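Just so it is clear, the values below take in all heavy atoms, side chains as well, and ignore hydrogens, waters and symmetry mates. This is a predicted model, so every value here is computed, not measured.
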Amino acid sequence: QVQLVESGGGLVQAGGSLRLSCAASGRTFSSYHMGWFRQAPGKEREFVTAINWIGKITYYTDSVKGRFTISRDNAKNTVYLQMNSLKPEDTAVYYCAALNWGDYRPLFGSWGQGTQVIVSS
């Protein structure tokens, strides 16, 4: 189990970019597959993207493929989400989490504060 703190969100115009960071605590961070989820106003939390434990394999939901890039730096205990060509429908609170590979479900039941992304048209 790791503790995660998201940052990097903000207000951006459609077509703009943001880079989110997820800072983790814990000695075993590098042993976990990681991912990003988001929750838009009035909607349930949804899976966005995942990266395997060593950072060699990634997976994206169709709505963000080609626009978002997940990466990780295990030496810094940090996961990143580069978000380009942002659309108003990307507006949400973004959360990171350790997850299971294959079904991309979070391993643990707790969530952090997340970081707010607002994309204006």
Would you say V48 ends up clustered with L86 if hydrophobic residues are merged whenever their side chains have heavy atoms under 4.5 Å apart, either directly or through other cluster members?
yes
Should P106 and Y95 count as side-chain neighbours, where that means a heavy-atom distance under 4.5 Å?
no
Flag yes if I51 and F108 sit in one hydrophobic cluster, no otherwise; membership is Ile, Leu, Val, Met, Phe, Trp, Tyr, and two members link when side-chain heavy atoms are under 4.5 Å apart.
yes
Inspect the surroundings of CD in Q13 and state if more than 12 heavy atoms from other residues, nucleotides or ligands are less than 6.0 Å away.
no
Below 4.5 Å, heavy atoms only, C-beta onward: do R67 and D90 meet side chain to side chain?
yes
Quick check on W101: does its CH2 atom have over 12 non-hydrogen neighbours (other residues, nucleotides or ligands) under 6.0 Å away?
yes
Value rounded to 0.5 Å, distance of CD1 in I70 from OH in Y60:
6.5 Å
Taking the six-membered ring for Trp, are the ring centroids of W36 and F68 within less than 6.0 Å of each other?
no
Measure from NZ or CZ of R72 to the centre of the six-membered ring of Y32 and say whether it is under 6.0 Å with the direction within 45° of the ring axis.
no
Between CG on residue L18 and CD on residue Q82, distance to nearest 0.5 Å:
8.5 Å
Correct closest heavy-atom pair for A14 and P88 would be CB-CD, 4.2 Å
Working to the nearest 0.5 angstrom, can you tell me the gap between R38 CZ and L81 CG?
9.5 Å
Out of curiosity, does L20 fall in the hydrophobic cluster containing F29 (side-chain heavy atoms, cut-off under 4.5 Å, transitive links)?
yes
Can you name the nearest heavy-atom pair linking L4 to A98, along with the distance?
CD1-N, 4.2 Å
Output the distance between atom CD1 (I54) and atom OG (S31), rounded to the nearest 0.5 Å.
12.0 Å
If two hydrophobic side chains count as joined below 4.5 Å and joins carry through other members, does V117 share a cluster with F37?
no
Using a 3.5 Å distance criterion without hydrogens, assess whether the side chain of N74 forms a donor-acceptor pair with backbone atoms of N77.
no
Which distance, rounded to the nearest 0.5 Å, do you find between the CZ of R105 and the CG of L107?
12.0 Å
When rounded to the nearest 0.5 angstrom, what distance separates OH in Y94 from CD in Q116?
9.5 Å
Do T61 and Y104 have side chains that get closer than 4.5 Å, going by heavy atoms?
no
Over all atoms of both residues, closest heavy-atom pair of C96 and E6
N-OE2, 2.9 Å
Nearest non-hydrogen partners of S21 and T78, listed with the distance:
CB-CG2, 4.3 Å
When clusters are formed by joining ILVMFWY residues with side-chain heavy atoms under 4.5 Å apart, either directly or through shared neighbours, do M34 and W111 land in the same one?
no
